[in-house]
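Only a predicted model underlies this, so the values are computations on that prediction, with no experimental measurement involved. Residue indices begin at 1 and follow the sequence shown.
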Amino acid sequence: MDAQNLERRSYWRWSKRDFYPEESFVNFASYGKALSQTWPRLRDRILTRSTQSKELVELKKESENEMKRCLNWWDLIWLCFGSVVGSGIFVLTGQEAHDHAGPAIVLSYAISGLSALLSAFCYTEFAVEIPVAGGSFSYLRIELGDFIAFIAAGNILLEAIVGAAGLGRSWTSYFTSMIKNDPDFFRFHVKGLPEGFNLLDPMAVAVLVVANSIAMAGTKQASCLNWIGSVISAGVIVLILAIGFSHGHVSNLSPFLPYGASGVFTAAAVVYWSYTGFDMVATMAEETKKPSRDIPIGLAGSMIVITVVYCLMALALTTMQKYTEIDRNAAYSVAFSRIGMKWAKYVVSICALKGMTTSLLVGALGQARYMTQIARSHMIPPWFSLVHPKTGTPINATLLITVLSAVAAFFSSLDVLSSVLSLSTLFIFMLMSIALLVRRYYVKGETPKSDLGKFLVCLFVIVASCIGGTAVWASNSGGWIGYVVAVVFWFLGTIGMQLLPQWRAPQFWGIPLVPYLPSLSIAMNIFLIGSLGAEAFWRFFICTVVMIVYYLLVGLHATYDVAHHIAQESKIEDGKENVDHGLS
């Protein structure tokens, strides 16, 4: 379609062709024919890898309008701070300190922080070299293929919905704590619904709608609001730490490990949610002025500071109160109220509300950009990839996230949401570490088959040893021998990979100590996944089955049609060039 026709088309359009333009969905006959070719098409797409040019150039045309490059390193630092701080420390610290870790919640945050930092390094290397809105979806599509990228896309959508919904409900709890001691005061109990889904939360829905509306209005405006609020909240956090430590008692830290090491890792797997906002910053690469400079400063630098802040805030809370007395829903507000500082209670609640609000705001920005790139690939209808010509933002994708997260926030409790989110997030981060290793050690057409075979063997040993060590931990039956065997095989796989030549070097910024840091990231993510409860796995499994069914019925055929249409266009262009060259 030429530019003149695009200009005449309204952004707000609703025809079937805008949602399903592919040949497989023209009519029922064409769809039936596509379904009959499901297995051949699946073989074609399951390992097909995208390219940087396709993600950076060809797919962007689907949006019809460009996103505006308006962000710098200062914006990214505060976007990361605003997204992360508040989305976990004020939400899950009380819950996990009370239920699983006790005072050792500090170690839980340190473990999760290290794992998140390693993942942030992986994201940074990709985002610098592939500055596109799709974030991990695009990176995985380039390195691990179409099918793996779709599974990641489904989990990204799940993460977006569950993360926003959990924050919305936490916002209600903290707001209520400023007025009443009952965090469910503004919720409605419905007896006919199952436990965990029977407290309806209209306030969470309202907060989500407001935050997403701001995100739709413009990226730079949302960034400015975020960094102004985040600078203020940073000052309040310093005040919280000063008051917390001045009124703390070392005796409250005893016993330090009331639930043992298993409790620490169980809590670490759940509080990992508190670090998940950083991946949203990677999706802003398409709107960053100088990705090679701004992203490493904004992403990796801010995550180091945030990890330290989280550990200090967790320590302050557990010195103020015995872990058994910590309120599960509004830990900091209640803690200050109990030491007689009612004014501090309101300051904490306002800071927490601000943190959750900026987390929702940055999350709305990042999640919509994930959905935009996924829609550009036609894994979901391309209507969601459209960028508004005036605001320069993907309004349709933002509306999708708003509606789905609002429904989840209205029904689901925080503990149900956090367990699903943690497993989904850890799974994506593990795939990102694997993708980075693939990127360094395998370049199509250049890497010899012998080196590829050796690399795959080493990668299998690394992943298998991590799964084995996690299984020993989860079963509590292997003793120290099981751990030693797992560590030895992990080390052998990693050292074996180090002996292989790397076939691609980063052009601008690269994660150091490859393959050791990515391999360690794989190990930590798998271990944290294994620390989650059975319910989280069942929910994850059910969601994954639904994703695969959707892929086989819709996503597979849409992406197949698009890929082969682009390939035919390329052949036609090559043919024209050859003809022109022959005539000349």
Side-chain angles (χ1 to χ4, degrees), residues 46-47 108 111-112 114-116 118-119 122 136 140 143-145 147-149 151-152 154-155 158-159 261-270 272 419-438 441-442 452-498 500 514-545 547-548:
I46 197 165
L47 292 178
S108 299
I111 293 167
S112 291
L114 175 60
S115 181
L118 295 175
S119 296
C122 296
S136 55
L140 294 175
E143 299 302 335
L144 299 185
F147 181 73
I148 296 297
I151 297 299
N155 280 281
L158 179 65
E159 178 185 340
S262 61
V264 172
F265 284 102
T266 299
V270 176
Y272 203 93
S419 63
V420 176
L421 178 65
S422 293
L423 203 159
S424 178
T425 304
L426 289 165
F427 177 70
I428 294 171
F429 288 173
M430 179 199 68
L431 290 179
M432 281 293 297
S433 300
I434 293 175
L436 188 132
L437 291 175
V438 172
Y441 287 94
Y442 174 64
L452 174 61
K454 294 173 185 177
F455 167 75
L456 291 176
V457 170
C458 292
L459 183 61
F460 174 80
V461 171
I462 290 170
V463 174
S465 63
C466 295
I467 294 174
T470 302
V472 171
W473 169 266
S475 65
N476 292 318
S477 60
W480 64 269
I481 297 178
Y483 298 121
V484 170
V485 171
V487 170
V488 167
F489 273 96
W490 173 86
F491 183 76
L492 289 174
T494 306
I495 197 72
M497 191 174 291
Q498 185 195 20
L500 296 173
V514 174
Y516 291 99
L517 291 188
S519 180
L520 180 60
S521 179
I522 293 171
M524 295 190 73
N525 284 309
I526 291 177
F527 192 78
L528 290 174
I529 287 173
S531 299
L532 291 169
E535 284 188 5
F537 281 91
W538 277 112
R539 290 166 184 155
F540 178 80
F541 174 74
I542 292 171
C543 291
T544 302
V545 169
M547 294 172 199
I548 292 174

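The shortest non-hydrogen separation linking L431 to L144 is O-CD1, 3.9 Å. Among all heavy-atom pairs drawn from C122 and L436, the shortest one is CA-CD1, 3.8 Å. Residues F455 and M497 share a closest heavy-atom pair of CE1-CE, 3.6 Å. I428 approaches A152 most closely through the heavy-atom pair CD1-O, 3.9 Å. Contact between I151 and N155 at its shortest, heavy atoms only, is O-ND2, 2.8 Å. In terms of heavy-atom proximity, S108 sits nearest to A267 at OG-CB, 3.5 Å.
Residues passing the side chain to side chain donor-acceptor pair (under 3.5 Å) test with S112: none are found, sequence neighbours excluded. For F537, the side-chain contact (heavy atoms from CB on, under 4.5 Å) test picks out L423, I529, L532, with sequence neighbours left out. The ring pair (Phe, Tyr, Trp, His ring centres under 6.0 Å) check on Y442 picks up nothing, with sequence neighbours excluded. In this structure F489 satisfies the side-chain contact (heavy atoms from CB on, under 4.5 Å) test together with V461, S465, V485, sequence neighbours excluded. Remark: F527 pairs with F265, W473 by the ring pair (Phe, Tyr, Trp, His ring centres under 6.0 Å) rule, at least two apart or across chains.
Between the CZ atom in F429 and the CG atom in L528 there is a gap of 11.5 Å [rounded to 0.5 Å]. Between the CD atom of Q498 and the CZ atom of F491 there is a distance of 8.0 Å, given to the nearest 0.5 Å. A distance of 11.0 Å separates OG of S119 from CG of L517, quoted to the nearest 0.5 Å.
With contacts defined as side-chain heavy-atom distances shorter than 4.5 Å, the pair Y516/L520 does not qualify. Side-chain contact check for N525 versus L118: every heavy-atom pair is 4.5 Å or farther apart.
Applying the side chain to side chain donor-acceptor pair (under 3.5 Å) test to residues at least two apart or on different chains, the pairs with a partner in residues 486-496 are W490-S519, T494-S519.
In this structure, the side chain of S115 does not engage the main chain of I111 through any donor-acceptor pair within 3.5 Å.
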